[in-house]
Amino acid sequence: MEIIFGILLLVALAYVATSATFLKLRRATVVGVLVSGGWLGVLAGLAIGPGGIGILSPELVINASPLLTVGLGWIGLMIGLQLRRDILKQLPSAMIRLSLIDALASIAIFGFAAALLLPYWFQHDSAIAMIAPVALLAAGAIGWTAETRSLRLADAQNSAETLTLRGAASLSTPVAVLVFSFGLAMVRGRDIESLTFSATAPVLRFVALILIAIVLGIISRFGLRRAQGNRSELLAIFLGVVAIITGAANELEMSPLLSAMLAGIVIANLAGKELRKFERFIIEAEHAVATLYWIVAGVLLDIRLGPLALVIAAAIILLRVVCKPTIVAMSRVSNSSEFSAKQLLHLTPIRQSPMAIMLGVALVIAIPSDLNHRLLAIVALTGITCDVIAVAARGLRKRPTAAEQPAAPTEEPAA
């Protein structure tokens with residue numbers, strides 16, 4: 001009964017958070033950042049969790065992990081459906097180059113920092129226990145939020161820089177899922193004290209998931225043609241796809257995010273015109289599902305962070321503030337001299353991708369432990385702090401006055 005009550009409460013909070021009246025608050029800059037980053041949902045979950053009034057407990061949420069796994073499959077399917085071959089071919093090379101450079105640099109920089117700092121905090125005899133947390137921090141550092149309007153840089157909203165940053169953020173999401181899923185798949189077991197390691201098993205299980213996704217994609221294509229846009233039949237197809245692929249992921253001990261993403265990729269590239277109706281059906285609930293998991297994250301995180309955990313969070317924040325704008329600058333995605341464009345390119349990469357919270361929830365569900373609950377709190381703390389820093393920096397970096405701007409060249413009088 002408690003599990004049912006908890007689920008109903010989470011759904012009710014997600015409905016309120018996505019209502020039209022509530023979303024009007026996004027007109028304020030700070031509230032817009034909190035909503036777009038999912039932080040209001042996280043704070044709501046924290047308020048009803050053990051860190052607040054204690055209506056829901058992490059144990060209660062973990063007991064509902066089968067339903068949460070299906071929800072993660074929903075998110076993974078949405079990511080995969082965006083990776084259509086015809087769309088990817090039309091993407092500018094600058095966008096693809098930026099996402100690749102950022103992914104490689106983020107894995108190297110943040111992965112190294114996590115591997116260096118986590119042992120001092122974990123104080124665990126086995127290095128195996130650190131593999132999944134290092135993968136989480138490395139994958140969570142990839143990319144940034146695709147939302148730019150909350151920074152209130154109106155002059156740059158329709159610029160080439162904005163489209164490049166948004167596109168690179170979208171391309172970074174499947175890379176982050178892939179990196180995290182392989183790191184998680186290298187360890188087996190739900191008890192942090194008895195985890196085992198394998199470097200080859202994840203590859204074999206990944207191949208098996210691809211084969212399952214292909215078969216499921218072919219079946220789904222047939223089902224979508226028979227459904228012909230009927231919403232009840234589309235719902236049945238969706239639930240069937242998610243249930244089968246997440247069940248396969250559970251048996252193979254792989255992340256449901258990765259398995260559902262693979263199924264989405266196959267469906268997106270096999271289905272024809274029927275796919276558009278299926279996409280609309282799924283995307284209609286995108287914000288509600290994301291808000292639900294932000295609330296779940298607030299319930300699951302453990303705010304009892306010691307000094308070492310705060311040092312790790314501070315190190316991640318410092319690396320994002322320093323390295324992320326540098327990576328974008330090195331990628332040479334723009335030669336614009338416009339003030340708004342430069343500000344956008346500098347501030348947007350500082351903000352953490354919302355996918356980092358989803359990956360943290362996936363880690364806690366897969367390996368529930370006190371350390372992983374606190375690691376989720378570190379991810380949330382770094383994310384909300386980076387958002388606040390970006391907004392504050394936007395206010396401090398004022399537009400140059402007319403006297404500071406270079407004078408326009410004057411034409412020479414004709415001889």
Side-chain angles (χ1 to χ4, degrees), residues 3 6-8 10-15 17-18 38 41-42 45 61-62 64-84 139 146 170 173-174 176-178 180-181 184 209 212-213 216-217 219-221 223-224 227 231-252 254-268 271 274-300 353-366:
I3 295 178
I7 293 172
L8 291 176
L10 290 173
V11 172
L13 286 173
Y15 175 78
T18 54
V42 174
V61 174
I62 294 296
S65 58
L67 289 176
L68 296 179
T69 300
V70 172
L72 290 174
W74 187 310
I75 296 171
L77 194 64
M78 286 191 293
I79 296 171
L81 288 174
Q82 298 175 28
L83 300 177
R84 284 168 45 195
S170 299
T173 301
V177 171
L178 191 65
F180 167 76
S181 299
L184 182 62
L209 273 182
I212 295 172
L216 192 59
I219 297 174
S220 300
R221 181 184 182 183
L224 289 174
R231 292 185 65 85
S232 59
E233 294 185 11
L234 288 176
L235 177 61
I237 293 171
F238 166 75
L239 293 177
V241 169
V242 172
I244 292 173
I245 200 65
T246 55
N250 185 59
E251 289 297 321
L252 294 172
M254 295 288 284
S255 171
L257 282 169
L258 177 62
S259 62
M261 185 179 76
L262 292 175
I265 293 173
V266 174
I267 293 173
E274 298 85 1
L275 176 64
R276 306 289 83 77
K277 298 177 181 178
F278 189 57
E279 282 180 330
R280 286 196 299 270
F281 173 76
I282 296 175
I283 292 175
E284 282 176 359
E286 178 181 7
H287 188 56
V289 173
T291 302
L292 175 63
Y293 275 84
W294 287 325
I295 297 172
V296 168
V299 176
L300 291 178
S353 170
M355 196 64 209
I357 288 290
M358 304 300 175
L359 299 179
V361 172
L363 175 61
V364 173
I365 293 174

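Below, each value reflects all heavy atoms present in this structure, side chains not excepted, and no hydrogens, waters or symmetry copies.
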If you take all heavy atoms of [X] and [Y], which pair is closest and at what distance?
X    : Y    : value
I357 : W294 : CG2-CD1, 3.7 Å
L258 : M254 : CD2-CE, 3.6 Å
V266 : G217 : CG1-CA, 3.7 Å
M358 : L72  : O-CD2, 4.4 Å
S259 : A249 : OG-CB, 3.3 Å

Q | From V364, L363, I365, residue fulfilling side chain to side chain contact (heavy atoms under 4.5 Å, CB included) relative to V361 | A |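 For V361, the side chain to side chain contact (heavy atoms under 4.5 Å, CB included) test succeeds with only one of V364, L363, I365, which is I365.
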Q) Do L300 and I62 pass the side-chain contact (heavy atoms from CB on, under 4.5 Å) test, and can you show the C-alpha distance, the side-chain angles, and the key distance before you say yes or no? A) CA-CA 9 Å; L300 291 178; I62 294 296; 4.1 Å; yes
Approximate separation, where rounding is to 0.5 Å, of [X] [atom1] and [Y] [atom2]:
X    : Y    : atom1 : atom2 : value
M261 : L81  : CE    : CG    : 11.5 Å
R84  : I267 : CZ    : CD1   : 13.5 Å
I75  : T173 : CD1   : OG1   : 11.0 Å
L359 : L257 : CG    : CG    : 6.5 Å
L216 : L262 : CG    : CG    : 11.0 Å

Per-pair distances, 0.1 Å, donor-acceptor, side chain in residues 234-248, under 3.5 Å, sequence neighbours excluded:
| residue | atom | partner | partner atom | Å |
| --- | --- | --- | --- | --- |
| T246 | OG1 | V242 | O | 2.5 |
| T246 | OG1 | A243 | O | 3.3 |

**Q.** Exam field: side chain S181 to backbone L178, donor-acceptor pair closer than 3.5 Å
**A.**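 Here the side-chain-to-backbone pair does not exist.
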Q.
Just to verify, what does I219 make a side-chain contact (heavy atoms from CB on, under 4.5 Å) with, not counting sequence neighbours?
A.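 Once residues adjacent in sequence are excluded, the partners of I219 under the side-chain contact (heavy atoms from CB on, under 4.5 Å) criterion are V215.
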